[in-house]
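The next block holds one structure in the form of structure tokens; read it before the comments.
Note on naming: letters A, B, ... go to the chains in the order of the sequence lines (proteins, then strands), and numbering restarts at 1 for each one.
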Number of protein chains: 2
Amino acid sequence: MYFENLEKEMENEENEKELQESHYLESNFLPHIALDCVVFGFDSEQLQLKVLMLKMKHREDWGLPGGFVGKRENLEDAAIRVLKERTGAKDIYLKQFKTFGKANRTDEIIEGNTNVLWLKRRFITVGFYALVDYKQVKPNKDKLSSDCGWKDIKDLPAIMLDHQTIFEEGLESLRRSLMLRPVGYGLLPEKFTLSELQNLYEIILDRKLNRGNFYRKVMKYQILEKLNEIRNIGAHKAPFLYRFNKERYDDAVTNGLKDIW
Amino acid sequence: MYFENLEKEMENEENEKELQESHYLESNFLPHIALDCVVFGFDSEQLQLKVLMLKMKHREDWGLPGGFVGKRENLEDAAIRVLKERTGAKDIYLKQFKTFGKANRTDEIIEGNTNVLWLKRRFITVGFYALVDYKQVKPNKDKLSSDCGWKDIKDLPAIMLDHQTIFEEGLESLRRSLMLRPVGYGLLPEKFTLSELQNLYEIILDRKLNRGNFYRKVMKYQILEKLNEIRNIGAHKAPFLYRFNKERYDDAVTNGLKDIW
DNA sequence: TCAAAAGTGTTAGATTTACACCCATGC
DNA sequence: GCATGGGTGTAAATCTAACACTTTTGA
């Protein structure tokens, strides 16, 4: 009997919290509009491209970090805010890639048992992908989730709603843009070795690249600066460190480099 | 005095209409969400790429054809519906290219003098571009506009809101996609000559292409079917007619052809 | 001495670009 | 005959892909 009451009390408390959350959302954000981010991080030790995911409360499956657009907030700023809250990282490369607007895409939630009533309506979501420095990120769960962490893109858990599709289209979009322009700023730490860069490209494109040719190509576009530093790793020659020449890099990103890789 | 009353009456009538329109929108469409279409048509006589524009009531500038998303309507379906209403054309190629979400992008309207109150809120808009057969289209104005017609992309009138930006990004997106895959289905009539196709490509890409090389390239991808028909034009050899082989064309559109042109 | 890093050489083959030449045909 | 269309030839320049050789250097 006692336990039953305790449980009920806790349930009520949880209810109360969710109702408050619902009011907060109601008064601060645009209804029907969400955004979701496919946040990529490159684990250069395990040589894995990872994506940030959240485990939602009341659910067994995972979702992409997302959020809503403040009533007077620019769409892009909303995405930046969400990314900062979730990752703590600054220097985030963000790109909008597609808006998802199937009429029934959030029916699962509308019919589900959340008490955040504000969520119980149809949502259209704007998809962004983001490139962040894996090592700088401290995954941070939000109010609606119970866990937050990196998942290897080749080994994803069960995924809610249409977030699997959003992820796949985000990855495809990243691949395509790598064909047209350099990627890396954001995904790598400020200083990195050439083989880290090559590994990153191989993982994004999902194929091996020839080292010599890669070296010449990357040098030709002069987007890198060689530093007078070296990283000590193993029982062999220490690799040089490089960083992006921001000016040339931005130029290349803006104007594209035709299909390079 | 009499005229004054007449004017006032007409104003009242107009007011009444707009309020009704506002209620209609309120009960049928999602608030805050719009879509705008950059509709391209190829005028093969004047050799101009044209874009469909509307002149809004109460305004001197022009805008892109747009609309809203029905409460239970898929986003893409809404775009298709708007396009059909505005152009009468079937067989429309539609592609979403970007969502525009600056907080102040519709302030002009919020502060303007429309009585369609539903419009007096912030809107985020999803941009689509569409390719239609210029000759099949009968431009059709909507309730909120006073005129509708084709404009040469090299000679546009004054444009409202951020529709200039939306147009430019739509055109850029069309150009890019032409680099990766064939375009033309939709923009050309069912039957067309090779030089019409080449003209189209030259106008979209804004540069001359070598005829011989163009011929070989287009043939290599086998997306065309030569017909046993000829078009009689002038005092010279009549050109053959071609049409797209829909299967191969769709295949190429889906899988891309790397950078071709 | 080994293993990885850094840089360069080389070559076969494909692709691109630019011209140019041929024939056909409607008027 | 002439202007346009349709089709092919070709050579130079450039780019790609694959491989291999050299030197450096930390443990």
### Message
When you measure from the side chain of B:R86 to the backbone of B:N140, do you find a donor-acceptor pair of N or O atoms at a distance under 3.5 Å?
### Response
yes
### Query
In whole Å, what is the span from the CD atom of A:E202 to the P atom of D:dA17?
14 Å
### Message
Whole angstroms only, please: what is the CE-P distance between B:M219 and D:dT8?
### Response
9 Å
### Query
Quick one: B:N199 CG to D:dG5 C1', roughly how many Å, whole number?
13 Å
### Message
For a side-chain contact (heavy atoms from CB on, under 4.5 Å) check, start with the C-alpha distance between B:M56 and B:D61, then their side-chain angles and the critical distance, and finish with the verdict.
### Response
CA-CA 7 Å; B:M56 308 313 280; B:D61 47 10; 5.6 Å; no
### Task
Using a 4.0 Å heavy-atom cut-off across all strands, classify B:T193 as base, sugar-phosphate, or nothing.
nothing
### Task
Please tell me which of the listed nucleotides, D:dC19, D:dG7, C:dA6, lies nearest to the side chain of A:Y215?
C:dA6
With 3.5 Å as the limit, what N/O pairs link the protein to nucleotides 24-27 of chain D?
| residue | atom | partner | partner atom | Å |
| --- | --- | --- | --- | --- |
| D:dT25 | O2 | A:K237 | N | 3.1 |
| D:dG26 | O4' | A:H236 | O | 3.0 |
| D:dG26 | N2 | A:A235 | O | 2.6 |

### Message
Rounded at 0.5 Å granularity, tell me how far CG in B:L54 sits from CG in B:L64.
### Response
8.0 Å
Contacts under 3.5 angstrom, residues 35-45 of chain B side chains, donor-acceptor by atom type, not counting sequence neighbours:
| residue | atom | partner | partner atom | Å |
| --- | --- | --- | --- | --- |
| B:D36 | OD2 | B:T125 | OG1 | 2.7 |
| B:D43 | OD1 | B:E45 | N | 3.0 |
| B:D43 | OD1 | B:Q46 | N | 3.0 |

### Task
Send over the distance from A:N210 CG to C:dA5 C1', rounded to a whole Å.
15 Å
### Query
NZ of B:K208 versus P of C:dT16: gap in Å, rounded?
21 Å
### Distance, rounded to the nearest Å, where A:E196 contributes CD and C:dA4 contributes C1'
14 Å
### Query
Do the side chain of A:Y201 and the main chain of A:V183 share a donor and acceptor less than 3.5 angstrom apart?
yes
### Task
Identify whether NZ of Lys or CZ of Arg in B:K191 sits under 6.0 Å from the centre of the six-membered ring of B:Y242 and within 45° of that ring's axis.
no
#### Entry: Heavy-atom donor-acceptor pair, A:Q198 side chain to A:L209 backbone, under 3.5 Å
yes
### Query
A:Y129 ring centre to A:K95 NZ or CZ under 6.0 Å, with the angle to the axis within 45°?
no
Between N or O atoms, less than 3.5 Å apart, protein on one side and nucleotides 9-13 of chain C on the other: list the pairs.
| residue | atom | partner | partner atom | Å |
| --- | --- | --- | --- | --- |
| C:dG9 | N7 | A:R216 | NH1 | 3.0 |
| C:dG9 | O6 | A:R216 | NH2 | 2.8 |

### Message
Once rounded to the nearest 0.5 Å, what's the spacing between atom CG of A:N213 and atom NZ of A:K220?
### Response
10.5 Å
### Task
Name the nucleic acid region contacted by B:K226, choosing base, sugar-phosphate or nothing; use a 4.0 angstrom heavy-atom cut-off, strictly under.
sugar-phosphate
### Query
For the pair made of CG in B:L209 and C1' in C:dC19, what is the distance, rounded to whole Å?
16 Å
### Nearest-angstrom distance from the residue atom CZ of B:R211 to C1' of D:dG9
13 Å
